[in-house]
Protein chains: 2
Amino acid sequence: MFKESTTSCKDCNCKWPNFENLTDDQLALIDSSRYQARFKPGEIIFKQGSPTSNAIFLTSGFAKIYIEGYDNKNIILSIVKPSHLIAGPGSYVDNRHHYSLAAITETTACFVDMSVIKKLVHDNSSFAEGYLKDISKKSLNTFNKLLSFSQKKMHGRLAEGLIHLAFDVFEEKKFKCYLTRQELGELTGMTKESVVRLLKEFHDEQIIKLEDSYIEIVDRVKLEKIMVSG
Amino acid sequence: MFKESTTSCKDCNCKWPNFENLTDDQLALIDSSRYQARFKPGEIIFKQGSPTSNAIFLTSGFAKIYIEGYDNKNIILSIVKPSHLIAGPGSYVDNRHHYSLAAITETTACFVDMSVIKKLVHDNSSFAEGYLKDISKKSLNTFNKLLSFSQKKMHGRLAEGLIHLAFDVFEEKKFKCYLTRQELGELTGMTKESVVRLLKEFHDEQIIKLEDSYIEIVDRVKLEKIMVSG
DNA sequence: AATAATAATTGATATATATCAATACATATA
DNA sequence: TATATGTATTGATATATATCAATTATTATT
């Protein structure tokens, strides 16, 4: 990990949409407190338990947000990409991260001092509302995860995970799956062995196609059916 | 359910702590938009999917917040009591409730127009921060629920649920358990039959004591051990 | 290119927990 | 008081999924 400095926030093409609510001065404030760093796949950007000193914005690459649970079992909450805010709910509770963030590809990230974000939340009510919307949306995602994990069977959860990866994260029906089988399991709540078996099953039934490190959604309709029914 | 009108917000002894951040005028605004109603056990206060027109504050009694999942299986997210805000994350996303709220005891509740709350969030940044803190805290609770549900075994989850009920909700080590076995299952992620069997097991091991509709935490230390290890 | 380390795969087995079915109990209703 | 409805309990059985163990690929390192 080494430091790097590129553009300014003002002309960043992957800035958080909520930054539109800031004045030029306010955006400049973010810019001045910001620093950028690069991470290799697997490197930890921040760690569960550490202080929430910074908000993070990816400027390139993908990373995983994951809860480190009991005996080394993780739950991947989401795969994040540029133009999203990454600031845990801990920032407004106990100033601690309640999950970890790690790069899954080569990644560049901007660090913005959390006190600057908080100041802007305080000074600019539209920005505060944008922040509120953001964490509300994330809260709903967690609800959905809770529901999936506790009421769906493996097939349904894996289908859901694959659809999410293809259409929300990588935005390609055929995508390079940077996640290991282990990580796919952490995303969908099952063991890596089960992931292997089910992926093979979906492949054999020609719902998906496995090719090298690529996964292609072949029959989206069927996969969605499995997602809702299973 | 019939309407009822008692005190004002100003001298309500169970108002949401974040109301301290409001001016007298702002609190009066809430007061004027507020109306109060009474519910019998089991009655639904609001329903998942309905518009988030109002924020709710209980003034007496207990209620359950629950997600209605697939084939009539619910997840009870929490048991709520007076002096807490009840306003789903949907208010800032799609204006729909993503969970239902139902009384579990005789309950009185205040309804406050959500547009008033939103106006105050917009006008009063301290109030907005209080709101932010509140939903952040709830978000962390959901993380914990996700973790419990996906990584703990039944024993651990039940122990966690009982401790929560005794010490956070009813605030008595011996409490009248208004929840049915079915509901205890929805709270802890298991079937009613499993609840029955495990409660009996805890009772036989003298960790808890079951007496009529009361549950008493007899050996809190042991129960906490089960909670973290299970 | 050779070796080590990590990830993927496969099969056999164990286990936690749900489901089903029947009965007993409690509470509400006529 | 009798009847109906919902809830609690118990036991037997089914099943989804994890765990364990061994093998094969793949990727990184010397």
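None of the values given here were measured: they were computed from a predicted structure. Chain letters run A, B, ... following the sequence lines, proteins first, then strands; residues in each count from 1.
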Closest to side chain of M154(A), choosing from dT17(D), dA8(D), dT9(C): dT17(D)

Separation of dA8(D) atom C1' from L198(B) atom CG, nearest Å, is 15 Å

Interatomic distance where CG belongs to D212(B) and C1' belongs to dA8(D) [whole Å]: 14 Å

Expressed as a whole number of angstroms, how long is the span from K176(A):NZ to dT26(D):P? 13 Å

I want to verify a distance call: between dT10(D), dA18(D), dT10(C), whose nearest atom is closest to the E193(B) side chain? dT10(D)

Test item: K152(B) side-chain N/O and M227(B) main-chain N/O as donor-acceptor pair under 3.5 Å: yes

So which nucleotide from dA8(C), dT17(C), dA16(D) ends up closest to the side chain of K153(A)? dA16(D)

Taking only N and O in the side chain of K200(A), is any of them less than 4.0 Å away from OP1 or OP2 of dG11(C)? no

Separation of atom CE in M190(A) from atom C1' in dA16(D), rounded to whole Å: 12 Å

From dT7(D), dT17(C), dT10(D), nucleotide with atom closest to S194(B) side chain: dT17(C)

Whole angstroms only, please: what is the NE2-P distance between H203(B) and dT9(D)? 11 Å

Could you go step by step and tell me if K174(A) and E211(A) meet the salt bridge (charged side-chain N to carboxylate O under 4.0 Å, His left out) rule? CA-CA 10 Å; K174(A) 179 171 180 175; E211(A) 212 181 334; 3.4 Å; yes

Taking atom P of dA25(D) as reference, at what distance in whole Å does atom CG of L210(A) sit? 16 Å

Is K192(A) close enough to dT6(C) that one of its side-chain N or O atoms is under 4.0 Å from OP1 or OP2 there? no

OP1 or OP2 of dA18(D) sitting under 4.0 Å from any side-chain N/O of T191(A)? yes

Presence of donor-acceptor pair under 3.5 Å, side chain of R197(B) and base of dT19(C): yes

Sorted by position of nearest nucleotide on DNA chain D, 5' first, the leading residue of S213(A) and R181(B) is R181(B)

note: Q151(A), atom CD; dA16(D), atom P; distance rounded to Å ~ 17 Å

Under 4.0 Å between a Lys/Arg side-chain N and an Asp/Glu carboxylate O for D134(A) and K137(A)? no

Of all the nucleotides listed (dT17(D), dA18(C), dT19(D)), which has the minimum atom distance to the side chain of R157(A)? dT17(D)

Flag, side chain of T107(B) to backbone of F62(B), donor-acceptor distance under 3.5 Å: yes

Measure CD/E201(B) against P/dG11(D) and give the value in whole Å, please. 14 Å

Could you please name the option among dT9(C), dA7(C), dT10(D) that lies closest to any side-chain atom of V196(B)? dT10(D)

Without swapping roles, check the side chain of N95(B) against the backbone of P51(B) for a donor-acceptor pair under 3.5 Å. no

